[in-house]
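As the structure lists them, so they are numbered: ligands from 1, and atoms in each ligand from 1.
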Amino acid sequence: MKQMSFVMLKPDAVKRRLSGKIINRFEERGLKIVAAKMLIMEDELAQMHYAEHSEKPFFGDLVDYITSGPVLAMVIEGEECISLIRKMVGATNPKESDQGTIRGDFAIDTGRNIIHASDSPESAKREVALFFESSEICGYSLPDEELIYEEP
Ligand code: IDP
Ligand code: MG
């Protein structure tokens, strides 16, 4: 089933000039970027995005981290892509992320784990709507879709 996931390169990823490398992984996998924008998140947006963690002891540090510089927010489309992208991203604590995952290859600390990706269809829907108007999501087809999918 085709899905859309919300993926965000965090300020450390952008400032470490890793954006291209990370985007490349999604493109090489065969996924499709259907929306993208760079922004510096306001506190309010950060608190809404991470509302589920508002009672956690790390919440203040998390909001400071995510608002500390530009993020690259994206919507990525593909078959079953929500769980697929979570696998590509790796475990929340990069010390436990498998090698070959984005966090496992580029990060060390949980509080500097460089990327966010939606964890369920419900989160994806909420997060995409928080960052993008529906008019900002680009519907288009790619010429190689039959090479990526058995049934495009
Ligand atoms: P996820 O990003 O893998 O979905 P969540 O548990 O949803 O992980 O946590 C959201 C973000 O909060 C993490 O990506 C990380 O940046 C931060 N975070 C989670 N747990 C901790 C912690 O114990 N210390 C510091 N930051 C944390
Ligand atoms: Mg999460």
- Item | Pairwise side-chain contact, His116 with Ile66, heavy-atom cut-off 4.5 Å (strictly under) | no
- Task: Output yes when a side-chain donor or acceptor of Arg16 lies under 3.5 Å from a complementary backbone atom of Phe106, and no otherwise.
- Result: yes
- Query: Is there any N or O on Asn113 that sits under 3.5 Å from an N or O of ligand 1?
  - Reply: yes
- Message: If you measure every N or O of Arg86 against every N or O of ligand 1, does any of those distances drop under 3.5 Å?
- Response: yes
Among all protein non-hydrogen atoms, which one is nearest to [atom], and what is the separation to 0.1 Å?
{"atom": "atom 15 (C) of ligand 1", "answer": "Thr110 O, 3.4 Å"}
{"atom": "atom 1 (P) of ligand 1", "answer": "Thr92 OG1, 3.5 Å"}
{"atom": "atom 22 (C) of ligand 1", "answer": "Phe58 CD2, 3.5 Å"}
{"atom": "atom 10 (C) of ligand 1", "answer": "His53 NE2, 3.5 Å"}
{"atom": "atom 16 (O) of ligand 1", "answer": "Lys10 NZ, 3.1 Å"}

- Are Met48 and Val63 linked, directly or through other ILVMFWY residues, by side chains that come within less than 4.5 angstrom of each other? yes
- Single-linkage hydrophobic cluster, 4.5 Å side-chain cutoff, Ile40 and Leu72 together: no
Could you see which bit of [X] sits under 4.0 Å from ligand 1, with heavy atoms only: side chain, backbone, both or neither?
{"X": "Lys56", "result": "neither"}
{"X": "Leu62", "result": "side chain"}
{"X": "Arg103", "result": "side chain"}

- Asp98/Arg103 salt bridge by N-O under 4.0 Å criterion: no
- Query: Just how far is it from atom CE of Met41 to atom CE of Met8, taken to the nearest 0.5 Å?
  - Reply: 4.5 Å
- Query: Should you measure from each heavy atom of Tyr50, which atoms of ligand 1 turn up under 4.0 Å away?
  - Reply: 10 (C)
- If you draw the axis of the six-membered ring of Tyr65, does the NZ or CZ of Lys10 fall within 45° of it and under 6.0 Å from the ring centre? no
- Message: Given the ring of Phe132, does Lys37 sit roughly above its face, with NZ or CZ under 6.0 Å from the centre of the six-membered ring and within 45° of the axis?
- Response: yes
